[in-house]
Protein chains: 2
Amino acid sequence: MQTTIALESLAALSHPTRLNAFRLLVRHEPEGLSTGQLVDASGLSQSTFSSHLAILVAADLVVPEKRGRQMIQRANIEALRDLMLFLAKDCCGGRADLCEPLVAGLAECC
Amino acid sequence: MQTTIALESLAALSHPTRLNAFRLLVRHEPEGLSTGQLVDASGLSQSTFSSHLAILVAADLVVPEKRGRQMIQRANIEALRDLMLFLAKDCCGGRADLCEPLVAGLAECC
DNA sequence: ACCATTCATCGGAAATTTCCGATAGAAATT
DNA sequence: AATTTCTATCGGAAATTTCCGATGAATGGT
């Protein structure tokens, strides 16, 4: 994963509205949620949330799909994995000792 | 890990200057680097970098330590692990199927 | 054809972030 | 004690982000 893309992903997730929306979408995999449902959950105006959503989509963390006159949004788990791998490689790059607590924690998580 | 702290960590890492500095510090574990060395690597003014560093420290991703008249900065690997666990739990929370590609990728990383 | 629904985009105000030079404080050196 | 070195903080300018209401485009229903 390129640094530029990692930065865009981190920035996309670093806002409460966007992190909440992303987590909500992960919990609703693989059906997804409509944009309107996400707007309601956000408590913000429709236009404001729409621009937040656009940032998540631009970072490829959320993938939209047309269904009738509404858009179904889905979380991109692969993009999340790529981001985590990017962060992990900061440690693992030649430093397996640093990575050990990382994998240990993740192993017991799943 | 609390959502508030996760957001602060994500925001701290979502700027190129700060992400670079953090990665540099990870690669220099466990000796760390002085603030001055980080300033030089950043190419920014001393004051500008100092405020970036303060954001990393506030997020507990970097831990400073006095040594003589300079400050040695060290990456906090535990904080990185906590952030990754936070992100992973978005998938793993009752959804082991989603987490599978995550752990698989990390296993082959380390 | 017309209207209602759903969502993206525009225009602009307010808040925040980013950057710098200048200043201040703390510690080593002379 | 005076000076140099190292880093944090202040003050302020420029850029970016965040938020909203209004408008526009596309689709489905009447």
Side-chain angles (χ1 to χ4, degrees), chain A residues 3-25 28 31-76, chain B residues 3-25 28 31-76:
Chain A
T3 301
T4 309
I5 298 181
L7 280 168
E8 197 173 0
S9 302
L10 289 166
L13 294 177
S14 72
H15 188 282
T17 294
R18 297 193 292 263
L19 181 60
N20 265 330
F22 181 72
R23 301 181 82 187
L24 199 55
L25 288 178
H28 282 81
E31 327 90 49
L33 289 174
S34 72
T35 303
Q37 291 176 300
L38 291 170
V39 169
D40 291 344
S42 76
L44 295 176
S45 79
Q46 182 267 322
S47 66
T48 297
F49 183 81
S50 181
S51 56
H52 281 299
L53 183 59
I55 291 171
L56 286 167
V57 171
D60 200 36
L61 285 163
V62 169
V63 177
E65 184 188 339
K66 278 184 94 159
R67 185 180 315 172
R69 64 183 157 192
Q70 54 190 8
M71 300 291 287
I72 299 300
Q73 312 289 343
R74 288 192 52 195
N76 184 355
Chain B
T3 300
T4 309
I5 298 180
L7 280 168
E8 198 173 359
S9 303
L10 290 166
L13 294 177
S14 71
H15 188 281
T17 295
R18 297 192 293 262
L19 182 59
N20 265 329
F22 181 72
R23 299 181 82 185
L24 198 55
L25 288 178
H28 283 81
E31 326 89 49
L33 290 173
S34 72
T35 302
Q37 290 175 300
L38 291 170
V39 169
D40 292 344
S42 77
L44 295 175
S45 78
Q46 182 267 322
S47 66
T48 296
F49 183 81
S50 181
S51 56
H52 280 299
L53 182 59
I55 290 172
L56 285 168
V57 172
D60 200 35
L61 285 163
V62 169
V63 178
E65 183 188 340
K66 276 185 96 157
R67 184 182 315 172
R69 64 183 157 193
Q70 54 189 9
M71 300 291 288
I72 300 299
Q73 311 289 340
R74 288 192 51 196
N76 184 355

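For clarity, every value in this text was computed on a predicted model and none was experimentally measured. In the text below, chain A, chain B and the rest are named by the order of the sequence lines, each starting its count at 1.
In this structure, CD of B:Q70 is placed 13 Å from P of D:dT5, rounded to the nearest angstrom. Atom-to-atom, CZ of A:F49 to P of C:dA8 comes out at 9 Å; the value is rounded to the nearest Å. Per the geometry, CE belonging to B:M71 stands 15 Å off C1' belonging to D:dT5, to the nearest Å. Rounded to a whole Å, the CD1 atom of B:I72 is 11 Å from the C1' atom of D:dC6. B:Q73 has its CD atom 11 Å from the C1' atom of D:dA8, to the nearest Å. The CD1-C1' distance, from B:I55 to D:dT9, rounds to 14 Å in whole Å. The distance from atom CG of A:L44 to atom P of C:dA14 is 19 Å, rounded to the nearest whole Å.
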Item to check | B:S9/B:I5 under side chain to side chain contact (heavy atoms under 4.5 Å, CB included): CA gap, chis, key distance, verdict | outcome: CA-CA 6 Å; B:S9 303; B:I5 298 180; 4.3 Å; yes

Item to check | Full working for side chain to side chain contact (heavy atoms under 4.5 Å, CB included) between A:E65 and A:M71 | outcome: CA-CA 6 Å; A:E65 184 188 339; A:M71 300 291 287; over 6 Å; no

Without placing hydrogens or testing angles, list every side-chain donor-acceptor pair under 3.5 Å for residues 42-49 of chain A, not counting sequence neighbours.
unit_1 : atom_1 : unit_2 : atom_2 : d
A:S42  : OG     : A:V39  : O      : 2.7
A:S42  : OG     : A:L44  : N      : 3.1
A:S45  : OG     : A:S47  : OG     : 3.4
A:S45  : OG     : A:T48  : N      : 3.1
A:S45  : OG     : A:T48  : OG1    : 2.9

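Sequence neighbours left out, not one pair with a member in residues 5-19 of chain A passes salt bridge (Lys or Arg N to Asp or Glu O under 4.0 Å).
Residues forming a side-chain contact (heavy atoms from CB on, under 4.5 Å) with B:V63 (at least two apart in sequence, or on another chain): B:D60, B:N76.
A:L25 pairs in a side chain to side chain contact (heavy atoms under 4.5 Å, CB included) with only one of the listed residues (A:N20, A:L56, A:L33), which is A:L33.
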Checklist entry - Which letters describe nucleotides 22-30 of chain C, given B = protein heavy atom under 4.0 Å from base, S = only from sugar-phosphate, - = neither? => result B---SBB--

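The structure places CD1 of A:I72 at 5.0 Å from CD of A:Q70, a figure rounded to the nearest 0.5 Å. With values rounded to the nearest 0.5 angstrom, B:H28 atom NE2 is found 9.0 Å from B:L38 atom CG.
Heavy-atom distances under 4.0 Å link DNA chain D to no residue of residues 31-40 of chain A. Within residues 5-23 of chain A, the residues having any heavy atom closer than 4.0 Å to DNA chain D are, in order of number, A:H15, A:R18.
Residues B:A12 and B:L61 come closest through the heavy atom pair CB-CD1, 4.0 Å.
In this structure, the side chains of A:H15 and A:I55 stay at 4.5 Å or more apart for every pair of heavy atoms.
With 3.5 Å as the limit, one finds a donor-acceptor pair spanning the side chains of A:Q73 and A:T35.
Taking 4.0 angstrom as the limit, B:T48 places none of its side-chain polar atoms (N or O) nearer than this to OP1 or OP2 of C:dC19. In terms of phosphate contacts, B:H52 brings no side-chain nitrogen or oxygen within less than 4.0 Å of OP1 or OP2 of C:dT17.
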